[in-house]
Number of protein chains: 2
Amino acid sequence: MTDEPVVTVTIKDVARLAGVSPASVSRALADPGQVRPGTRERVHRAAAALGYHPNQAAHALTTGRTRMIGLVVPDITNPIFSTIFQAVQGRAREGGYSVLLVDTGEDPATEVDLVRTLARQVDGFLLCSPRAAQEYLDPFLRATAVVTINHRGRRVPCVTSDNADGARQVAEHLLALGHRRLAYVAGPAASSDNRERLRGLRAAVAAAGAELTDFTAVSPTYDGGTAAADLVLATSATAVIAFNDVIALGLLNRFTARGIGVPQQISLVGFDDIPFAAMTNPPLTSVAIAKQQIGRTAVDFLLDLLDGRQRPGGSRLMLPTHLIVRGSTGPSVLTR
Amino acid sequence: MTDEPVVTVTIKDVARLAGVSPASVSRALADPGQVRPGTRERVHRAAAALGYHPNQAAHALTTGRTRMIGLVVPDITNPIFSTIFQAVQGRAREGGYSVLLVDTGEDPATEVDLVRTLARQVDGFLLCSPRAAQEYLDPFLRATAVVTINHRGRRVPCVTSDNADGARQVAEHLLALGHRRLAYVAGPAASSDNRERLRGLRAAVAAAGAELTDFTAVSPTYDGGTAAADLVLATSATAVIAFNDVIALGLLNRFTARGIGVPQQISLVGFDDIPFAAMTNPPLTSVAIAKQQIGRTAVDFLLDLLDGRQRPGGSRLMLPTHLIVRGSTGPSVLTR
DNA sequence: CCGATGTTTGGAACCGATTTCAGTTGCGTT
DNA sequence: AACGCAACTGAAATCGGTTCCAAACATCGG
């Protein structure tokens, strides 16, 4: 049991106990090579004896580095983002950083506001699925390192998923099942994921000479999905692709409530492969993305940026996606 | 458009432009009543013109307050915790605080470790469903304000839910449906929520002369639930109560896979009422807790503590819970 | 054994705010 | 007009580290 101090112990206390100057303590702790082994020994012993923990504020003030990174997400209750958070926290911690999580509630204005007020408190931002237009954020990011996740900005390091290819896999899967009339329930217009998913679908569907209608969900949430369900049913589509699994779950719920069989009467596909997607009845066919790797790599990119390292391949990575076929997709019926 | 500075603008720059001393700038900004209206005017104008934002690190160093609160949760992918996070962030922001989220991965050792390293960076902690024993955390919390959520510690402000009463509601609901043999799939032993839920069940079941078996899930996760399912089926229980909805979903999935009808052959109840509980088939009967209010109140308690305010009623609150009956519970069959 | 060289080390300045203390100013009295 | 008091302001110390600079020390070759 270390006996924790009631008053804060500073570098001076350690210096006094070790019989050296505060400057040497700082050096011994920060860069052991700079100080003689004997001194290093004594300092470390003294620090341990006193239970010394450096004052982060003071460190931040002198170095200009807070050792915190800000992770900005639209909605932490979406499992995709909470999983990314875990990966980010894990990697950040390895590098000695803490994570300031910011939930923007899907609101671009809140996003800008929070980024602005926090810009001085973090060394860098991980902007995950940003909903605000780049130009609104830019001014506040001048002095701050930024890596975007799920968004490809110009000249900003980013890690993304190959959404277009995921969408292609979905389309081909459905086309192979005989579907000719597909519907897409879109996500936020500002989301580049959304744009690429739509693009990928359009390309594959057009190539097959099939037909694609698209709708925009009110919001990329469960309720957005339930609300969109009736719009979809008003079309003659035999398969629906949702921007994400949460919307898909909303659709599924409403379809079931309306007595529409999935996949007997309509097939349903989501994106993100959140854990709950496997738990529904029927389990949801979905496009998996590499959440863990996205989070870890984004942190790596950010730390590179902060430490002035250059990546050989440049700090841009697009990770492959893959379709996971479950029970919510099946052969097309000619009419509903 | 404010023209954002490339170099950081400090209080001195503002002072120079306003023609006053740095001290007056500090006063004008922190406590406007302390300076003459004219001075205040000039300072504010200068600050705005330069786009001045105070350096948080310097502020933290002098005042000893970081204006950050740490929210420690076992698993942010559990919707119950991400929802609490949102509530906490909302309230914290109103009070001018940021939230450092810490995910302990359900591991007590990680929890202690993270609390220790972060104790100096936050003004206070919100310990949500702590898994570590109080005595391990205590040493690091001596100098830090703490409010616990979902955990009643001695002499620590806390906000909890009336789990025992929620459990009573569950038991009475099931007993009324004719169930006489119940099973409880427990959560982490360290969780006081778990203990109270079990206590509430035991009391009500005993009062009715019925029978309760309990198991411990490997972990309070979906996989923990699927793993526990077969143990439950090995008993003759006609109704199962899970520690939380996530476990319940795991049970449901495995029951369905085994061809056991819910609620025809076995009834199922969860706790927390996470959004996904309503989306399953059948939708899950669950005990709702006041997530939003828990988060908000916990922040209020913590800020009171930080500002040295005393609550009239003391900083301890237990919020009511209520059973939401959905499709996963039904009349008991005599045998399975 | 001495000077040259390279390491360690301590003193002091500094980061950007806050706050004490003392001096100045403004105002109301007489 | 002079005085006293209160309100306001600025200089300087301070928070707890980091880092520049120069002094002290050790090490080496000649």
Side-chain angles (χ1 to χ4, degrees), chain A residues 5-44 46-47 50-68 96 117 119-123 143 307, chain B residues 5-44 46-47 50-68 96 117 119-123 143 307:
Chain A
V6 180
V7 295
T8 47
V9 17
T10 76
I11 204 169
K12 280 186 191 164
D13 303 318
V14 178
R16 198 172 311 123
L17 181 60
V20 298
S21 75
S24 294
V25 175
S26 177
R27 280 186 280 250
L29 264 27
D31 179 7
Q34 231 180 132
V35 89
R36 202 153 30 159
T39 314
R40 186 190 319 158
E41 242 336 273
R42 266 178 299 142
V43 169
H44 278 120
L50 296 173
Y52 170 75
H53 286 276
N55 179 318
Q56 286 291 344
H59 181 272
L61 181 57
T62 50
T63 62
R65 303 281 292 272
T66 60
R67 298 198 78 76
M68 293 216 297
T117 62
R120 303 312 246 277
Q121 301 190 50
V122 299
D123 292 343
D307 298 344
Chain B
V6 180
V7 295
T8 47
V9 16
T10 76
I11 206 168
K12 280 186 193 165
D13 302 317
V14 178
R16 197 172 313 122
L17 182 59
V20 298
S21 75
S24 295
V25 175
S26 175
R27 282 186 278 248
L29 265 28
D31 179 6
Q34 235 179 128
V35 303
R36 206 154 23 164
T39 314
R40 186 191 320 158
E41 240 340 270
R42 268 177 300 143
V43 168
H44 278 119
L50 295 174
Y52 170 75
H53 287 276
N55 179 320
Q56 286 291 344
H59 180 271
L61 181 56
T62 50
T63 62
R65 303 283 292 272
T66 60
R67 299 199 77 76
M68 293 214 298
T117 63
R120 303 311 246 278
Q121 300 189 52
V122 299
D123 292 344
D307 298 344

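What you see below is based on every heavy atom in this structure, not just the backbone, and it leaves out hydrogens, waters and symmetry mates. A quick note: this is a predicted structure, and the numbers were derived from the prediction, not measured.
The separation between Leu61(A) atom CG and dG16(D) atom P is 12 Å, rounded to whole Å. Rounding to whole angstrom units, CD1 of residue Ile11(A) and P of dC15(D) are separated by 14 Å. For the pair Arg40(A) CZ and dT9(C) C1', the computed distance is 15 Å after rounding to whole Å. The CZ atom of Arg65(A) sits 16 Å away from the C1' atom of dG17(D) (whole-angstrom rounding). Rounded to whole Å, atom C1' of dT9(D) lies 14 Å from atom CG of Asp31(B). The CG-P distance, from Asp13(A) to dC15(D), rounds to 11 Å in whole Å. Residue Gln121(B) contributes atom CD, which lies 13 Å from atom P of dG17(D) at whole-angstrom precision. As a whole-Å value, the separation of Arg16(A) CZ from dG10(C) P is 14 Å.
If you check every strand for non-hydrogen atoms under 4.0 Å, Thr10(A) touches sugar and phosphate atoms only. Val20(B) comes within contact range of the sugar-phosphate backbone alone, with a heavy-atom separation under 4.0 Å but no base atom that close.
Applying the 4.0 Å criterion to OP1 and OP2 of dT9(D), one finds that Arg36(B) has a side-chain N or O inside that range. Neither OP1 nor OP2 of dA17(C) sits under 4.0 Å from any side-chain N or O of Ser26(B). Taking only side-chain nitrogens and oxygens, Thr39(B) comes nearer than 4.0 Å to OP1 or OP2 of dT9(D). Between dT18(C) and Thr62(B), no contact under 4.0 Å exists linking OP1 or OP2 to a side-chain N or O. For the OP1/OP2 pair of dT9(C) and a distance below 4.0 Å, the side-chain nitrogens and oxygens of Ser21(A) include no atom meeting the criterion. Here Thr63(A) does not reach the OP1 or OP2 of dT18(D): none of its side-chain N or O atoms lies under 4.0 Å away.
Here CZ of Arg36(A) is found 12.5 Å from CZ of Arg27(A). Values are rounded to the nearest 0.5 Å. A distance of 9.5 Å separates CG of Leu61(B) from CG of Asn55(B), quoted to the nearest 0.5 Å. Expressed to the nearest 0.5 Å, how far CG of Leu17(A) lies from CG of Leu50(A) amounts to 5.0 Å. The CD atom of Gln34(A) sits 9.5 Å away from atom OG of Ser24(A), with the distance rounded to the nearest 0.5 Å.
A salt bridge links Asp307(B) to Arg65(B): one of the charged nitrogens lies within less than 4.0 Å of a carboxylate oxygen.
Comparing Gln34(B) and Pro54(A), the nucleotide of DNA chain D nearest to each residue sits closer to the 5' end for Gln34(B). Summary of the strand contacts: Pro22(A) and His59(B) both lie near DNA chain C, and taking for each the nucleotide with the nearest heavy atom, the more 5' one is attributed to Pro22(A).
Scanning atom types as modelled, one donor and one acceptor separated by under 3.5 angstrom connect the side chain of Arg27(B) and the base of dG10(D).
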